[in-house]
Amino acid sequence: MDIFHLSSEFAPLAKVGGLADVVYGLAKETAKAGHTVEVMLPKYDTLNTSFLKDLKIAYPDLISYDGPYQQHNTIWAASFEGIQLWLLESHHPDHFFERGKIYGCPDDLQRFIYFTRTALEFLFKREKAVDALHLHDWPVALASVLYKEMYLPLGLKVGGTVFTVHNLEHQGKCPQEQLSRCGLDFFRDMQDPVQPHLLNLLKGGLLYSDFITTVSPTYAQEITHPVGGCGLHSTLEKRQKTFQGILNGIETTYWDPTTDPYLASRYTLENYVKGKEANKEEIRRRFGMRKKAAPLLCSISRLVAQKSPHLIKYALERALELGGQFILLGSAPDPLVDLEFRALQQKLEGNPDVAFYFEYDESLAHLTYAASDMIIVPSLFEPCGLTQLISMRYGTVPLVRKTGGLADTVFENQNGFTFEFPDCEGVKWALDRAFDTYFNQPRTWRRLIQHGFEADVSWRKSAQAYFQVYERFSTNLKKTG
Ligand code: ADP
């Protein structure tokens, strides 16, 4: 089969969060199974091309459109771990992908609509059928609308489109004019249910794709109810027969404490105590923390409302009260949240039991997973969550709120600690039990770690579920010739 992914992120080249890890992990597993896998993403100026050994121009001048105007683009090609990558360099006068960041520009909608339209233009002009066009989140949701309304009638052959919801909160709402700029007329069914004067790109993806997935079974249930559905629960309900929650995996060769190049010391289940101690030593050295016979709790997270930053703060304070140490690795796009955490850092300046790092840093994230004894994930909602899966693989016990994918992967007293409500009481309840177990029940602690180590968090099982979806499409393509 030939699977073509359209995505705004792809690890490790262009990553903001879990979306990047998931597209990379699923694509790699699909390629390993012998399928042809292609991924197209924008060639951002921030893109880390050092990973690409054979990067070259494949299509020097691909013409695409913005309103009535022709636009020039260069398509770059590279292979990466068995995956064919296509990178779209736009020569649009607005320099859509030269902004020093992936998201957070006032014209994000226009940038990603342009990317999506140009990607379909690429698929159309290269005249090669694909079995599945796999779309990820709002930035590329419009592809299924464009395909059905514009490119299918022109003759583009795609077996089927699958749309994966990684996070329903971000939907991409725009006025009609923006859609008109890529040649689409008014679509009443794309009208946003909350702001009816706007069109909703994600809703378009949900309505026009042949199959919809989301990244865990519990999140799939949550978003078909008014409380979790962000206004789109009834749209999803209508699609129930072609909607499935498939749990994410992680790429287990990339996240592997036995081979991880970013660690100060690599380790297995057999020698994890020594391995963790050496990595902890490295963290303490870097951040000026003292040596202490106490657990190190971490948070590795975007500091946005979804992740309950106030509860992360509370967990930090409680961990210190309980005699532990804490490292926070997190970036806050909202200046107010950023300020709040920097004030906390200032308040705790000189405290040898706490460390803050407010940037995105891939290698430090690896080291932190390896050095920590526990991770706190108190999310308000969590479509799947990867940090608890990565943690388990590194022998780090997850303390999570029971929601979405966290509820599907962390089980009380088996591989971690859970709490029901996203409030300080809940966090306290989990932390107090975790610290008590760490200090007073070493055998139980070791058992938790062992279960984490032994859990299959790979893509193996989940990829099978995606293959079944792709296979239906492949049959469609054969039928239509
Ligand atoms: P989300 O996609 O909502 O951010 P996930 O748990 O699905 O949450 O994925 C988060 C990913 O981002 C993980 O791979 C995690 O290690 C990584 N991450 C989060 N914050 C940072 C940071 N400051 N530096 C490096 N990696 C980070």
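Both ligands and their constituent atoms are indexed starting at 1 by order of listing. Bear in mind that the values here come from a model prediction, so they are computed numbers and not experimental data.
Within the 4.0 Å heavy-atom criterion, the part of Glu359 lying near ligand 1 is the backbone and not the side chain. Contacts of Leu386 with ligand 1, taken as heavy-atom pairs under 4.0 Å, involve both backbone and side chain. Proximity of Tyr357 to ligand 1, defined as any heavy-atom pair under 4.0 Å, is not found for any part of the residue. Contact annotation for Ser301 and ligand 1: only backbone heavy atoms (N, CA, C, O) come within less than 4.0 Å of the ligand.
When hydrogens are left out, the protein atom nearest atom 4 (O) of ligand 1 is Arg302 NE, 2.7 Å; that is the closest non-hydrogen contact. For atom 18 (N) of ligand 1, the closest non-hydrogen atom of the protein is Ile300 CG2, 3.9 Å.
Looking at Lys203 and Asp192, no side-chain N of the basic residue comes within less than 4.0 Å of a carboxylate O on the acidic one, giving no salt bridge. Here Asp432 pairs with Arg318 in a salt bridge; the nearest charged N to carboxylate O distance falls below 4.0 Å. Ion pair Asp108/Arg111 flagged as a salt bridge, since at least one NZ, NE, NH1 or NH2 atom sits closer than 4.0 Å to an Asp/Glu carboxylate oxygen.
Taking CZ from Arg393 and CD from Glu251, the interatomic distance works out to 9.0 Å, rounded to the nearest 0.5 Å.
Of the listed options Gln388, Lys307, Lys15, Lys15 places a heavy atom closest to atom 17 (C) of ligand 1. For atom 24 (N) of ligand 1, the candidate residues are Thr387, Asp361, Ile390, Ile375; the nearest heavy-atom contact is made by Asp361.
Every residue two or more places apart in sequence or in another chain that forms a side chain to side chain contact (heavy atoms under 4.5 Å, CB included) with Ala319 is listed here: Leu297, Phe326, Leu431, Phe435.
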